[in-house]
Peer 1: 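Please find one structure pasted underneath; my questions will follow.
Below, chains carry the letters A, B, ... as their sequence lines are ordered, and counting in each starts from 1. Nothing here was measured: the structure is a model prediction, and the numbers come from that model.
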Amino acid sequence: MDNIAGTKSTLTWVTNISVVILVALWVFPTLGLFVSSFRTTDQISTSGWWKSLFPSEQTVTLRTAAPDTQVQDGPLFVIEGALLEDGQDATIRSWGISSRAVDAFVPGEVAELRKGGTISVMANGRYRMEHSAAFTGSRGQRVFLGTTVAPEFTLNNYRNILFDPDNIEGMSQAFFSTLTVTIPATIIPILVAAFAAYALAWMEFPGRALLVAAIVALLVVPLQLALIPLLKLHLGIGIGKGYLGVWMAHTGFSLPLAIYLLRNYMVGLPRDIIENARVDGATEYQIFTRIILPLSFPALASFAIFQFLWTWNDLLVAKVFLVDATGETTVMTQKLVELLGTRGGNWEILATSAFVSIAVPLAVFFTLQRYLVRGLLAGSVK
Amino acid sequence: MKTSILSGAAALAVMSGPVLAEDLTVFGPWLGPDQLNVEAVLEGFEAATGHTVSYVGSDSFEQQIRIDAEAGSAPNIAIFPQPGLAAELAKGGFLTPLADGTGDWISENYAAGQSWVDLGTFAGPDGAKDLFGFFYKVDVKSLVWYLPENFEDAGYEVPTTMEELKALTDQIVADGETPWCIGLGSGGATGWPATDWVEDLMLRTQSPADYDAWVSNGLKFNDPKVVAAIEEFGAFARNEDYVAGGAGAVATTDFRDSPKGMFDAPPQCYMHRQASFIPSFFPEGTIVGEDADFFYFPAYADKDLGTPVLGAGTVWAITKENQAAHDLIAYFQDPASHEIWMARQGFLTPHKGVDASKFSDPTLRKMNEILLGATTFRFDASDLMPGGVGAGAFWTGMVDYAGGKPAQQVADEIQASWDALK
C-alpha cells in the first residue's frame, strides 16, 4: 500500500468503517439467535429478544388452585395459595379477573367473582377466595397479573436437543454419521483438485486453456439439476444410497470450485522455484509434493474450511444420496429438522440447533486458522 | 358384503401369523410428535404381522418422493398429504394398485365411504382408473377456535348459524374489540389458510355439485359463484375492524403465531378459524376443551345446504410393491390400528367400526362427531387441484387478494394459470 501513501488515511477509514458495518451485520442476528436459544416458545412469540435482557412489564394469565382443594373455614369455603412460584422475581402492580379489565384492581383489593364469592390478591402473589357456598367446576379462577418480571432464561432448549432420552441415541449416531460424511467429503475433493490444479497451472499440454474455461463454466451449473440423473446413475451402477454415494456426490459438486481456487493460487507461485527444481532434475511428482503442496497450504486450508462448512451444513445432498427409507442413515441436519415437527415453527429449536450445529465448524475453523498462519510462515521462511 | 367378509378373512389371516416376514419402508411427512404417533401404529403392525417396519419423515416430502420415485429408490409405502401429488405419481406409473376388494371394504366401512374411494382412485399410466390410495388419519377444517372464559367475560354465546356468527362479529366490534385472528404466512406455502376459508365458504354458499365442478374446473375459477365465495372471505379478512392488526397484517402474520392473539391479556381477538391440528401451536400448557375450545364453522340457516364439513387427510399408497405393503393396507382395515393413534393425539378417522371411547380426550371425540355428522363432506379443494393451481396460483392469488387486489382480477389470474397447465 506504500505506493498510494497519500490516500492511506482515508482508505484506512473506509476500511475500518466497512469492517465495523460488516461485523455488526453478522453479529446482531447471531446475538439475537443466541439469546433466543435460551428463551421459551412463548417468550419468543410474545416479545423480541432485545427486550429479554431487561426487566419487562407484562400481563400474565395464571390460574388459582382448582375447587377440589377448597377447605371449610367456619361458614365459608376458602381456596388459598400462591400465584407466583417461590423465588420468582416479579412485582405485582395490578390484577384482574376479567379479560375485559385485566388491570382492574391493585394488590390488597377484593373482587366479586361472577359465580359468587370474592377473591383478593396480595402484592406477594398470595390469593384468597371466599364463598358462602362450595366452589364448583373443575378448574381454578383465571387471574391476570400485571407484573414487572426480571429477565429469565432457560437451558431447556439445549437439554431437549442434546440430552432428551427419546433422541439422545439418534443424536449421537447422527453426529458420528455426519462426521463420516464430512471428513472424506472434504479430503477427497482436495486431493483430486490439488493434482488437477497443479497440472492446469504448471504442466504444458494442448487444450489446457480450454479445460480451464470448461471448469469455470461448470461453476455456474446448479447442482439441483444433477440430482435425479446422478441418483439414477448411482442406482444403476449399484452404489445405491449410502456413504460412498454421498462422498462421490459431494466430491463432484465441489470439484469445479476447488480446482478453480487452487489453480489460481498455484499459478501465482514464483516461477523461478519451479524452474530451478526442473533444472535440478526433479520430476513433476516431486515438484508437486515437495514444493507446490507445502507452498499452497494456505489455499488448501481455506478451501478445506469452505468444503467442511458446506458439507457439515448440507441437508439436500445428504437427503438425496444418503438418507434412504430404512432410516438407518441420517445426518445432524436431518435430525434437527425432525425435531422441528411436521409444521415447523418451533423457533426455540431452530435457534438452539443453529448453535448446536455451529459448534463443530467453529472448532474446525479456529484449529485450521492456526495452521493457516503456520502454512504462510513455512512458505516464507525457507 | 361377500367381498368384505373375504377381505376381513384376509386381514385375519394376516393377523394370525406371518407367512414370510419382510422389511417394509415407509416414508411420510410427519416429524416430531407425529412421528412418534405413526411409529406407535407401525409397531402395532409389526407385532401383528412379524414384518419389520422403518419410518422416515421429511419436511420436504413432496419434493423428495418425486426424486426417489423418478430415480427408482422409492420406499415401499408413501404417505401423501395431498391426493393431487399421489395422482400425478400414479399417472407416471410409480404407484401400485391396492389389492382387489379394498375399495368395497372402504365404501362399506368408512363414513361417506364412496367419496373416500373416489378420492383414492386415480388414472394409471395407461389412463385406466384404479384404486391407488387408502385414507388413514383425516383432519377436520371447518372449526372456529375460541376461549370459553373470554366469551363468558364478555357475555357472548357460541353461534350456531352463519347469520349468528356475523352478528357476533359485529357485536364484538361494537364492544370496541377485535373479533378475528387471521394469518396466512407459512413460508413457501403462504396463502394456504385463505384457501381453506374460501373452500369452507364455497360449501356454505353453493351446492356440493358446484364445489365438485369447481375442483375439476368444470366451474371456472372466475365464475361469479367462486368470486362471491372469495368476497365472502374478504368480508372477514379485508375489514380493518374485524382482524387483529388490521387487514394489512393478514398476509404477513404467520399462521402458527396467529392463534396466540386469543391468549393475550387483554385478548387481541376472540375467534380463529383453523383445522383440527392447530392446538399444537397454542401456548404451552393450554388444555383444549377447557382453556380453549372450538365450535363448528356454521352454515347459513336460510340456505338449504345442510351442515357441510371441509376436511383433509393423508393417503397411503404403495410405491414399491411387496407383500408387507399389502399387509399394512389390510392392517388398516382392523379398527385396532385406528384405535392406537386415537388413544394418542391429533387423530380423526372416518372408520365406522372404531370404539369412540378410545379417544384420548373428549375434544377429539367432539371433532369426530362433527366429521361423522356431516351431511356433506368435501375434501380440501386446493389439495385436489393440479399442483400449479392448488399449491401455487391459488395460494399467491389469495395473498394478493388479502393485500387489496379485486376478487375478480385474482380469480381471472388463477383461471389463466389453470388454462396454461392444460
Peer 1: Go through B/Ala265, B/Pro283, B/Ser186 and name the one with the most non-hydrogen pairs under 4.5 angstrom from chain A.
Peer 2: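 The candidate making the most pairs under 4.5 Å is B/Ala265.
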Peer 1: Taking every heavy-atom pair that is under 4.5 Å apart, which of A/Lys319, A/His234, A/Gln58 has the most such pairs with chain B?
Peer 2: A/Lys319
Peer 1: What do the steps show when you test B/Glu70 against A/Leu227 for side chain to side chain contact (heavy atoms under 4.5 Å, CB included), and what is the final call?
Peer 2: CA-CA 11 Å; B/Glu70 295 272 353; A/Leu227 291 182; over 6 Å; no
Peer 1: Measure A/Ser98 against the heavy atoms of chain B and call it side chain, backbone, both or neither at under 4.5 Å.
Peer 2: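 For A/Ser98, backbone and side chain are both near chain B.
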Peer 1: Please flag which part of A/Gln334 lies under 4.5 Å from any non-hydrogen atom of chain B: side chain, backbone, both or neither.
Peer 2: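 The side chain, not the backbone.
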Peer 1: Could you go through the side chain to side chain contact (heavy atoms under 4.5 Å, CB included) check for B/Asp68 and A/Leu231 one step at a time?
Peer 2: CA-CA 9 Å; B/Asp68 281 342; A/Leu231 183 56; 4.1 Å; yes
Peer 1: I'd like to know which of B/Asp254, B/Ile287, B/Thr52 tops the heavy-atom pair count under 4.5 Å against chain A.
Peer 2: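 Highest number of pairs under 4.5 Å: B/Ile287.
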Peer 1: Would you please test B/Glu149 and A/Arg63 for salt bridge (charged side-chain N to carboxylate O under 4.0 Å, His left out) and show each step?
Peer 2: CA-CA 12 Å; B/Glu149 283 165 311; A/Arg63 221 170 255 289; 2.8 Å; yes
Peer 1: Select, from B/Gly28, B/Ala71, B/Pro81, B/Ala154, the one with the greatest count of heavy-atom pairs under 4.5 Å involving chain A.
Peer 2: B/Ala71
Peer 1: Between B/Asn150 and A/Arg142, does a side chain to side chain contact (heavy atoms under 4.5 Å, CB included) hold up when you go through it step by step?
Peer 2: CA-CA 10 Å; B/Asn150 284 357; A/Arg142 200 162 57 144; 2.7 Å; yes
Peer 1: Using a 4.5 angstrom heavy-atom cutoff, name the option from A/Leu316, A/Thr59, A/Leu235 with the most pairs to chain B.
Peer 2: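 Counting heavy-atom pairs under 4.5 Å, the top option is A/Leu235.
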Peer 1: Write down the atom of B/Pro266, the atom of A/Ser99, and the distance for their closest heavy-atom approach.
Peer 2: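 Heavy-atom minimum between the residues: CB-O, 3.7 Å.
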Peer 1: Checking A/Leu230 against chain B: side chain, backbone, both or neither under 4.5 Å from a heavy atom?
Peer 2: neither
Peer 1: Apply side chain to side chain contact (heavy atoms under 4.5 Å, CB included) to residues B/Arg66 and A/Ile228 and explain how you reach the verdict.
Peer 2: CA-CA 9 Å; B/Arg66 256 178 225 274; A/Ile228 293 180; 6.0 Å; no
